[in-house]
Number of protein chains: 2
Amino acid sequence: MKPPTVYDVAAHAGVSIATVSRVLRRPDDVRASTRAHVLAAVRELGYVPSASARSLAARRTGVLGLYFPGFDAMEELDDAEFNQSEPVNVIVDMPDSGEVRPPNLYFDEVLRGSELEAWRRGFALLVGVGRGSNPEEMVSDIAGRVDGMAVLARSVPDELLVHISRRIPVVLVAGPRRGDNFDHVSVSNVEGMRALTEHLVDRHGVRAPVFIAGPADSPDDAERYEGFVQALASRDIDAAALPLLRGDFSRLQARSIAEDLVAGGGALPRAVVCSNDQMALGVLDVLRRRGIRVPEDVIVTGFDGIEAGRQSTPRLTTVHQPMVDLGRAAVRAMLSRLDNREQPPISLRLPVQVLLRESSEGSA
Amino acid sequence: MKPPTVYDVAAHAGVSIATVSRVLRRPDDVRASTRAHVLAAVRELGYVPSASARSLAARRTGVLGLYFPGFDAMEELDDAEFNQSEPVNVIVDMPDSGEVRPPNLYFDEVLRGSELEAWRRGFALLVGVGRGSNPEEMVSDIAGRVDGMAVLARSVPDELLVHISRRIPVVLVAGPRRGDNFDHVSVSNVEGMRALTEHLVDRHGVRAPVFIAGPADSPDDAERYEGFVQALASRDIDAAALPLLRGDFSRLQARSIAEDLVAGGGALPRAVVCSNDQMALGVLDVLRRRGIRVPEDVIVTGFDGIEAGRQSTPRLTTVHQPMVDLGRAAVRAMLSRLDNREQPPISLRLPVQVLLRESSEGSA
DNA sequence: GCATGGAATGTATGCGCTTACACTCGTCCT
DNA sequence: AGGACGAGTGTAAGCGCATACATTCCATGC
């Protein structure tokens, strides 16, 4: 009834457990005929090695962990809604049913990159998305199960990270670099926004762009603004003198910000530079509704490179972040440290791409 | 240098390892003062329990597994492209740069649902996406690490599944029900397509819709076609007499199918019913280019409910599958079986939603 | 004063595997 | 012929924890 173990296989094949283990780990160390017997026994018994025992004995789990902070929205699904019985439900779906999907896409891609790289290197991937309750517990749980883990942004208190990193390599993904003791992988926020802004100044003669920022506590936002400032400074423009509007990265809030901007009565800015794509899309929504032409009247740019920005009309000029590569790089960093725990902390910056599209360049 | 163990903590706190273990597992069985000492030691030493040892001793891992078949495309990223150094790269992104993202979205959502449900029930989630080489190996690997696993569609040979299910519960997600021995979770493909088709006949007077099918070996496609046929039959229409075009679920191929259809010279069909959204979008592409009005001249419908169908113009009428719920249901099925391994096989069909949008209903 | 019993803690075993080391044979060399 | 040696296999010692069982402690009751 209970799952078979090495002992069962060994007995069934008439060999010792060591031999069974060898057949599975280093087949070449075993004579071909013995190997065949053992494999036959494995098949007959339905033997699957226990990774727990294996990990314990080998002192490594062969698993890497990935932890994301949760987006609060939509996570609190309750159990009730689950038991409806009608197999079909016909609904007239109105156009403005709101945004269904939060920008998790970001995570999905990082996840996909990590997953890909991990398995390719012979590791399995354990995923955890922090939800309301007690992220610390979940992180510790993951930490106990893996050989190394990646943590997104500032989702975990430093203290815990230090605690965990005494046991396994921890790499921070995106967000700010914390202390100088963790490996860190992120994207070139500053350079990306700088290059985009310089383009606007140099090619489109923009002298007084409006910047729509994200939450004040977002390190990514801060870096992007920094790039914006640098670009202008290098063109002898003082960014501090320009309007800075603060949003929360959401499309919805960006809409009301844009409304205010447009309703202000004053002249429209030549360009609106947004700290992420969602907000830029919100701005586009408003301009379209008001009949203001993009990019002829106002240029709009975003940051992230999400799919929706490629589907909008006009398509959104933006800075594309290599999310998949981020995930892959995180895994590589872990493995690299696993390889040599003494090496100095790694801090990797992945390159970004400025994608010039119709929201700034006009249509073809 | 090595990570601290229970023994270290016990020594440091002046208690036995059993007490340390208890403090962590059932804190109430230990006197408050002792507990405090132990916890202090844990903190000082940076102790994190080894899940391997824990699982081995407790005979359960607390992890659930999820295995997806891989989409061949895009998975074969090579290592080289990874070492470019320029932090920014400015690119003029032309409109028809093709489809970047394959419809993995499907998986992303199932994954999110599983992840959510698993953690909520106190389990971690291990993810594996099959890539070209040897899915069997990966599946076995996962199987050894978890208490139960979910496998998507027909991505794994039956033989292996049987082998594995001798050790842990296996639940099949989507795809056909195989044998009657596995738990199975899927969506109401038949009913969904049937309801949609009936709507077209009853409300729009469609009498001879064209069906664009997916790959012949896709069980989902077969079920959808079945629903299509049933709906027509119930309205006294013989589906067998109607044209059935076979695509491969891709947008690209659907375009050429649509081209043929339009170029055929004959009258346009009143409606084109597609077996998935991607293909429906391909059809929309062609009709738009040809200046054929949707839905006035031709009604187009899809199946899946992907995000892109909500972004298209006109927005796509489709049948929405509850992918997140699929993932959640899979986890529930595993746990249910874990709870009672003797219960009869579960086969769950999740309800779908027919979303009527402008590609069939006209604009508001 | 001592027996009694529950609460708190310690002792010892085993979970299923890897692996260092020991052992057994042929084979080849001298 | 005797020994050296390497390939193939077995023996046994953990890996870090949970837990059944044994032990100790202390408050009660008589």
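Numbered from 1 within each chain, the chains take letters A, B, ... in sequence-line order. Please read all numbers here as calculations on a predicted model, not as lab measurements.
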Selected nucleotide, minimal atom distance to B:Ala18 side chain, candidates D:dT19, C:dT9, D:dG16: D:dT19

Secondary structure of DNA chain D in dot-bracket form (Watson-Crick or G-U wobble, distances below 3.5 Å, | marking inter-strand pairs): ||||||||||||||||||||||||||||||

Salt bridge A:Arg112-A:Asp108, side-chain N to carboxylate O under 4.0 Å: no

A:Lys2 NZ to C:dC17 P, straight-line distance once rounded to whole Å: 14 Å

Strand-adjacent residues in residues 43-58 of chain B, judged by heavy atoms under 4.0 Å from DNA chain D: B:Tyr47, B:Pro49, B:Ser50, B:Ala53, B:Arg54, B:Ala57

Nearest-Å distance for atom pair CD1/P, residues B:Ile17 and C:dA8: 20 Å

Within residues 20-32 of chain A: residues closer than 4.0 Å to DNA chain C (heavy atoms): A:Ser21, A:Arg22, A:Arg25

Nucleotide C:dT19, atom C1' - distance to CZ of A:Arg59 in whole Å: 9 Å

Passing option when B:Asp183 is tested against B:Arg332, B:Arg337, B:Arg341 for salt bridge (Lys or Arg N to Asp or Glu O under 4.0 Å): B:Arg337

Side chain to side chain, A:Phe107 and A:Leu152, heavy atoms closer than 4.5 Å: yes

Side chain B:Tyr7 and base D:dC17 donor-acceptor under 3.5 Å: yes

B:Thr5 side chain near D:dG16 phosphate (N/O to OP1/OP2, under 4.0 Å): no

Of the listed nucleotides C:dT9, C:dC15, C:dG16, the one nearest the side chain of B:Thr19: C:dT9

